[in-house]
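For reference, the structure discussed in these notes is given below.
Order of listing sets the numbers, starting from 1, for every ligand and every atom in it. Source: prediction; values computed, not measured.
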Amino acid sequence: MKTDVAIVGGGPGGTACAMFLEQAGIRSTIIEKAQFPRYHIGESMTGECGNCLRTLGLADEMVRRAHPVKWGVSVYGPGGKNPFYVPVKGRGPDGLFEASTWQVRRSDFDRMMLDAARSRGVGFIHGEAVEPLRDAESVTGVRVRTATGVVEDVVSSVVIDASGPSTFLSRSNLTSRKERGNYDNQVAIFSQVSGGVRDAGKTAGDTLIFYQKKHHWAWFIPLDDESVSIGVVVPTEYFASRKESKRDFLVRELHELNPELKRRVPEIRLTEEVRAISNYSYDTRHFTGKGYLAIGDSHRFIDPVFSFGLYFSIKEAEHAAAATAAYFKGLGRDDDNPFLGYEQRSNAGMDVVQELIDAFWNQPVAFAVMVHSRYTEDCIDMFAGRVYMDEPSPGLLAFRKVNGRIAPSPAIVGG
Ligand SMILES: Cc1cc2nc3c(=O)[nH]c(=O)nc-3n(C[C@H](O)[C@H](O)[C@H](O)COP(=O)(O)OP(=O)(O)OC[C@H]3O[C@@H](n4cnc5c(N)ncnc54)[C@H](O)[C@@H]3O)c2cc1C
């Protein structure tokens with residue numbers, strides 16, 4: 001079959017991309033190997049991620065489904081002390097304003113996204129993309145093995161990799177080497193609990209983060225009135241040294257990691273299988289070329305601590321759709337890599353978040369000062385996802401200095 005754009009993966013990145021392409025009048029076909037609904041981790045959105053859904057006209061449906069509203073994230077320090085709060089705020093011509101985003105149960109949300117894309121006329125194949133099709137110059141589509149076992153070639157002008165951690169294009173050697181990320185030696189063990197003590201009132205749907213020590217932390221993300229996603233992230237070595245089952249490890253950590261977490265989950269009633277993911281941090285610097293580009297997790301994932309994964313997949317979906325629309329209008333047709341601009345912008349945005357996360361893990365005291373008092377507004381912008389900057393903000397420059405990426409100035413912290 002023929003389509004304008006073949007999209008590998010029908011998760012939030014792939015479906016958002018298909019809908020952004022549809023808004024630009026471009027036909028696409030999603031290839032998804034899993035049967036939906038299916039479990040997936042990654043449930044908390046940044047502020048700008050919520051805005052992407054509004055741009056796609058999905059806000060009413062999000063409200064109808066009663067996904068918990070997130071107004072911010074509270075981070076509790078060791079011993080449950082020194083919490084700091086980062087509100088989700090929007091930015092308009094008059095500065096920051098009150099705003100909210102959502103938490104999502106992924107089985108429901110991903111299904112909603114796929115249904116929305118299909119209802120807008122996006123093509124769909126239930127099957128696995130097994131390899132890209134190529135000619136001497138360019139990628140020309142994908143070979144698919146359908147769920148019924150039929151092998152079919154999907155010929156397209158552009159292939160968009162939205163396969164998440166499966167990194168389809170990288171496995172096909174079309175990208176540069178997939179390097180290990182800074183947070184590679186970590187394991188996340190997670191499940192869901194019923195009950196859980198939330199904040200009272202408006203912020204009941206907020207994300208809570210509990211820090212014990214470097215690289216040892218937990219999340220608490222409300223999924224509906226009853227269920228809360230909970231997960232513990234630790235160094236892989238520490239998990240192995242405990243010689244416990246995933247379940248025993250999680251249950252013990254929930255009551256030992258941080259007293260505030262124990263207070264939030266006094267009785268541990270697990271309602272989901274206990275799952276684990278390790279070595280999830282990686283970076284592929286070059287992931288575009290003639291006829292192909294990758295979005296979100298399919299080229300890079302940094303660290304789950306500040307919930308950027310969904311945002312990058314969905315925002316890059318928007319950028320990839322715009323780059324594809326420009327290409328169809330003739331822009332960069334004769335270039336070696338028509339999608340280089342998209343790649344550079346994507347790397348630059350993710351590099352900003354890398355600075356934020358590196359500073360949090362490596363310089364927690366300086367980080368807290370910057371968030372609390374020195375560069376509060378810049379930090380709120382970065383946490384929301386406003387990371388595609390023409391010029392680096394003063395807050396970003398300060399993070400770069402703290403991380404040793406530009407020469408330090410004595411006045412930068414606490415001045
Ligand atoms: C421990 C942990 C916690 C996280 N917490 C958060 C969080 O709180 N907030 C947040 O925003 N992000 C979080 N993330 C990240 C988040 O899970 C991902 O960033 C997000 O799911 C990426 O969406 P996607 O659409 O790019 O990929 P995915 O959601 O992974 O979707 C990819 C789809 O492609 C399909 N696929 C793969 N290969 C093929 C193929 N060859 N052919 C056909 N189909 C294929 C898969 O079946 C899948 O449905 C977390 C990640 C981890 C590891």
Side-chain angles (χ1 to χ4, degrees), residues 6-18 29-50 52 70 73 101-104 106-107 109-111 113-114 124-132 142-147 154 159-172 181 183-184 186-191 207-209 217-223 229-234 275-282 294-317 320 350 353 385:
I7 300 175
V8 179
T15 48
C17 196
T29 300
I30 292 171
I31 299 134
E32 169 57 55
K33 65 181 178 185
Q35 177 72 48
F36 281 25
R38 51 101 176 88
Y39 178 90
H40 205 297
I41 193 61
E43 296 132 331
S44 185
M45 293 187 176
T46 68
E48 291 299 325
C49 189
C52 291
K70 170 183 169 185
V73 50
T101 185
W102 290 283
Q103 319 279 23
V104 291
R106 288 289 299 275
S107 49
F109 174 71
D110 290 17
R111 175 69 179 266
M113 293 287 283
L114 185 57
F124 178 75
I125 298 175
H126 183 203
E128 179 173 5
V130 286
E131 60 177 320
V142 283
R143 178 154 299 156
V144 177
R145 188 180 305 107
T146 69
V154 178
V159 171
I160 295 184
D161 184 2
S163 65
S166 299
T167 60
F168 172 74
L169 286 176
S170 166
R171 281 191 297 109
S172 312
Y183 306 102
D184 182 56
Q186 303 271 107
V187 57
I189 295 113
F190 47 89
S191 180
T207 296
L208 310 178
I209 300 284
W217 62 281
W219 75 73
F220 177 108
I221 300 172
L223 296 179
S229 165
I230 38 107
V232 167
V233 181
V234 297
R275 295 176 165 89
I277 300 185
S278 57
N279 308 111
Y280 44 68
S281 179
Y282 50 85
I295 62 174
D297 282 27
S298 71
H299 66 88
R300 181 173 178 184
F301 185 72
I302 303 171
D303 185 80
V305 67
F306 293 134
S307 305
F308 277 98
L310 277 172
Y311 172 61
F312 277 129
S313 288
I314 295 176
K315 192 67 187 175
E316 288 184 7
M350 287 208 187
V353 169

Heavy-atom pairs closer than 4.0 Å: do any link ligand 1 to the side chain of [X], the backbone, both, or neither?
{"X": "A188", "answer": "side chain"}
{"X": "W219", "answer": "side chain"}
{"X": "V130", "answer": "neither"}
{"X": "S163", "answer": "both"}

Is there a nitrogen or oxygen of [X] sitting under 3.5 Å from a nitrogen or oxygen of ligand 1?
{"X": "E128", "answer": "no"}
{"X": "P12", "answer": "yes"}
{"X": "H40", "answer": "yes"}
{"X": "I277", "answer": "no"}

Taking the minimum heavy-atom distance to atom 4 (C) of ligand 1, which of S278, G385, P304 ranks first?
P304
So between Y280, F301, F190, whose heavy atom ends up nearest atom 50 (C) of ligand 1?
F301
Those atoms of ligand 1 less than 4.0 Å from some heavy atom in I221
8 (O)
Below 4.0 Å from any atom of ligand 1, is there a heavy atom belonging to E43?
yes
With a 4.0 Å cut-off on heavy atoms, does G231 reach ligand 1?
no
Lys/Arg N to Asp/Glu carboxylate O, R143 vs E131, below 4.0 Å
yes
Extract all donor-acceptor atom pairs below 3.5 Å that involve side chains of residues 33-42 and protein atoms in other chains or at least two apart in sequence.
unit_1: R38; atom_1: NH1; unit_2: D110; atom_2: OD2; d: 2.7
unit_1: R38; atom_1: NH2; unit_2: D110; atom_2: OD2; d: 3.1

Under the side-chain contact (heavy atoms from CB on, under 4.5 Å) test, residues paired with S172 that sit two or more places apart
P132, R134, F168, L174
With distance as the sole test, does D161 use its side chain to make a donor-acceptor pair with the main-chain N or O of L169 at under 3.5 Å?
yes
